[in-house]
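All of these numbers come straight from a predicted model, not from anything done at the bench. Numbers here simply count residues along the sequence, with the first being 1. Reckoned from all heavy atoms, side chains included, excluding hydrogens, waters and symmetry mates.
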Amino acid sequence: MAKAPGERRKVHPAWLILIAWLIFLVVILAATGPGLRRPVRYVKVHDGRHWTWYAPEDVWSRYGEQISRFFDYADRVYEALREDLGVEPKERVYLLVHPGGAGFAGFAAGDIAEIRALTGRRSPGIGVVYDAFVNEAYGVRGYWAYVLIAHEATNLFTGEGVTGGWPWADGTDIWGRGSPFPYAVAVLVTEQLGLANVSSTHYRILDPRDKPYVDLFIELVRGRGWGCIRRMFRLMLEDGVRLDAEGAPISREPLKSHYVFLYLSLGCGEDLTDTLIKHGLKVDRDLMAKLLQAYANRACDPEAWRRGDYERVLGCSKP
């Protein structure tokens, strides 16, 4: 039947849904599709005492003044960590101001790909999203930049200065979902550097699920001093322990965390098993006792000890 003059043609709902999906896909492809999004151009923006900074050119042109306020702070964090932890990276380190996206906040890496592409060599360092330097949180302008620089620099120092594979930074069944050691260090170091408001706020907003583990390190440092942590790292370095040794027993839980428990106890000069359990950590007392025995006998087979073959060390006797 012919359509009457002035009568509007009805559009089937299926067509409306299809058109909506097509619009959605075009938007997504424009934002993320390769070749449709302009590539990020990184430029070097600062050579500090310890860090070389890179940032996206467009981000730097818009927010350079806010970002540059943190140049000295990052160097002060480096110097505080070097003193407190007793270790530091063996190479020049880099700080990448990241353009963000997909919930990105920060990272630490032994080799930052974006910077390596410019330097042509291994480029260890940290990345911090640009808006952490720009935005206000909890009444503090740049709050997240203060926190993320301290947190990720801690991961960089322990990873580059001691060993990779820290279970207290990546979250495991034993340590829970968070990163209690770098979190605790960020609380302590920001306080040490005179940022009491940042420090107290960072502790206040701590997820209750992570609080017992973070409290462990804060209490150890405030009660025994940083020497407890420095000695732990020194002993691990002397023994050549690598928590990230590929394929080795030490790289797997629960042994990995129990090596950490052992060396933390050695660094503090006492068996911390009861303290660790009080803070919610799942400590196997029998395994700890065997590791302590094996540690005393480690000179019999140092390589087996480093790899976590502690039973072999227990059965070892020097010829």
Side-chain angles (χ1 to χ4, degrees), residues 50-51 69-70 72-88 95 105-108 126-129 132-133 135-162 166-172 174-233 257 260-261 264 267-268 272 275-276 278-281:
H50 306 290
W51 303 88
R69 290 174 47 234
F70 289 85
D72 183 63
Y73 170 73
D75 282 330
R76 291 170 62 216
V77 167
Y78 187 105
E79 289 157 6
L81 292 177
R82 180 173 60 191
E83 173 66 23
D84 294 340
L85 305 181
V87 296
E88 64 181 310
L95 199 154
F107 68 85
I126 66 174
V128 177
V129 69
F133 300 93
N135 293 339
E136 180 180 307
Y138 308 104
V140 178
R141 180 72 61 186
Y143 169 84
W144 284 111
Y146 288 117
V147 167
L148 287 168
I149 289 172
H151 184 114
E152 299 302 349
T154 299
N155 284 330
L156 183 67
F157 270 58
T158 54
E160 290 289 296
V162 190
W166 289 99
W168 64 20
D170 298 330
T172 69
I174 293 178
W175 290 91
R177 48 167 287 286
S179 300
F181 183 74
Y183 199 109
V185 173
V187 170
L188 293 165
V189 165
T190 50
E191 179 184 56
Q192 182 180 337
L193 295 179
L195 298 164
N197 188 28
V198 172
S199 174
S200 61
T201 299
H202 200 44
Y203 183 76
R204 176 174 57 81
I205 68 171
L206 175 60
D207 190 307
R209 292 172 293 179
D210 302 327
K211 188 174 183 297
Y213 314 128
V214 173
D215 281 346
L216 166 69
F217 296 112
I218 291 176
E219 290 171 16
L220 285 177
V221 170
R222 288 185 172 157
R224 296 170 170 84
W226 286 103
C228 188
I229 306 298
R230 286 196 295 271
R231 284 189 293 273
M232 172 191 183
F233 291 155
S257 281
V260 173
F261 297 156
L264 184 60
C268 293
L272 294 177
T275 300
L276 296 167
K278 184 185 78 172
H279 284 85
L281 288 156

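Between L216 and P180, every side-chain heavy-atom pair lies at or beyond the 4.5 Å cut-off. A heavy-atom distance below 4.5 Å is found between the side chains of L95 and I149. Here the side chains of L195 and Y73 are in contact, with some heavy-atom distance below 4.5 Å. With a 4.5 Å cut-off on side-chain heavy atoms, E160 and V87 do not count as touching.
Residues forming a salt bridge (Lys or Arg N to Asp or Glu O under 4.0 Å) with D170 (at least two apart in sequence, or on another chain): none. Residues meeting the side chain to side chain donor-acceptor pair (under 3.5 Å) test with T172, sequence neighbours left out: E253.
Contact between A153 and V77 at its shortest, heavy atoms only, is CB-CG1, 4.1 Å. Of all non-hydrogen atoms in L272 and R224, the two that sit nearest each other are CD2-NH2, 4.0 Å. Pairing each heavy atom of E83 with each of R230, the nearest pair is O-NH1, 3.2 Å. Across all their heavy atoms, S199 and E191 have their closest contact at OG-CB, 3.4 Å. Listed here is the closest heavy atom pair of F233 and L85: CD1-O, 3.5 Å. Taking both residues in full, the closest heavy atoms of V189 and A80 are given as CG1-CB, 4.2 Å, listed atom of the first, atom of the second, then distance.
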Run the side-chain contact (heavy atoms from CB on, under 4.5 Å) test on I229 and L264 for me, step by step, so that the C-alpha distance in whole Å, both residues' side-chain angles and the decisive distance to 0.1 Å come before the verdict. CA-CA 7 Å; I229 306 298; L264 184 60; 4.0 Å; yes
Start with the C-alpha distance between N197 and Y138, add both sets of side-chain angles, then the distance that settles side-chain contact (heavy atoms from CB on, under 4.5 Å), and finish with yes or no. CA-CA 9 Å; N197 188 28; Y138 308 104; over 6 Å; no
Show, in sequence, the C-alpha distance, side-chain angles and deciding distance for Q192 and W226, and conclude whether the side-chain contact (heavy atoms from CB on, under 4.5 Å) test is met. CA-CA 12 Å; Q192 182 180 337; W226 286 103; 4.1 Å; yes
Begin from the C-alpha positions of L188 and D84 and carry the test side-chain contact (heavy atoms from CB on, under 4.5 Å) through to its verdict. CA-CA 10 Å; L188 293 165; D84 294 340; over 6 Å; no
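Here the straight-line distance linking atom OG1 of T154 with atom CG of L81 works out to 4.5 Å at 0.5 Å rounding. C268 SG to R231 CZ: the interatomic distance, rounded to the nearest 0.5 Å, is 7.0 Å. One distance of note links CG of D210 with CH2 of W175; it measures 12.0 Å at 0.5 Å rounding. The structure places CG of L156 at 10.0 Å from CZ of F107, a figure rounded to the nearest 0.5 Å. Summarising the geometry, atom OG1 belonging to T201 is positioned 12.5 Å from atom CG belonging to L206; distances are rounded to the nearest 0.5 Å. To the nearest 0.5 Å, atom CG of residue L276 and atom OG of residue S257 are 10.0 Å apart.
A donor-acceptor pair under 3.5 Å is absent between the side-chain atoms of R209 and the main chain of R177, judged by distance alone.
Among residues at least two apart or in separate chains, side-chain hydrogen bond (donor to acceptor under 3.5 Å, both in side chains) pairs with a member in residues 140-151 are Y143-H202.
Here the two rings, on F157 and W166, have centers that are 6.0 Å apart or farther.
More than 12 heavy atoms of other residues, nucleotides or ligands lie within 6.0 Å of CD in E219, so this atom counts as buried by the packing criterion.
No hydrogens or angles considered: nothing links the side chains of H50 and E88 as a donor-acceptor pair under 3.5 Å.
For the ring pair (Phe, Tyr, Trp, His ring centres under 6.0 Å) criterion with W168, the lone passing option out of Y183, Y213, F217, F261 is F217.
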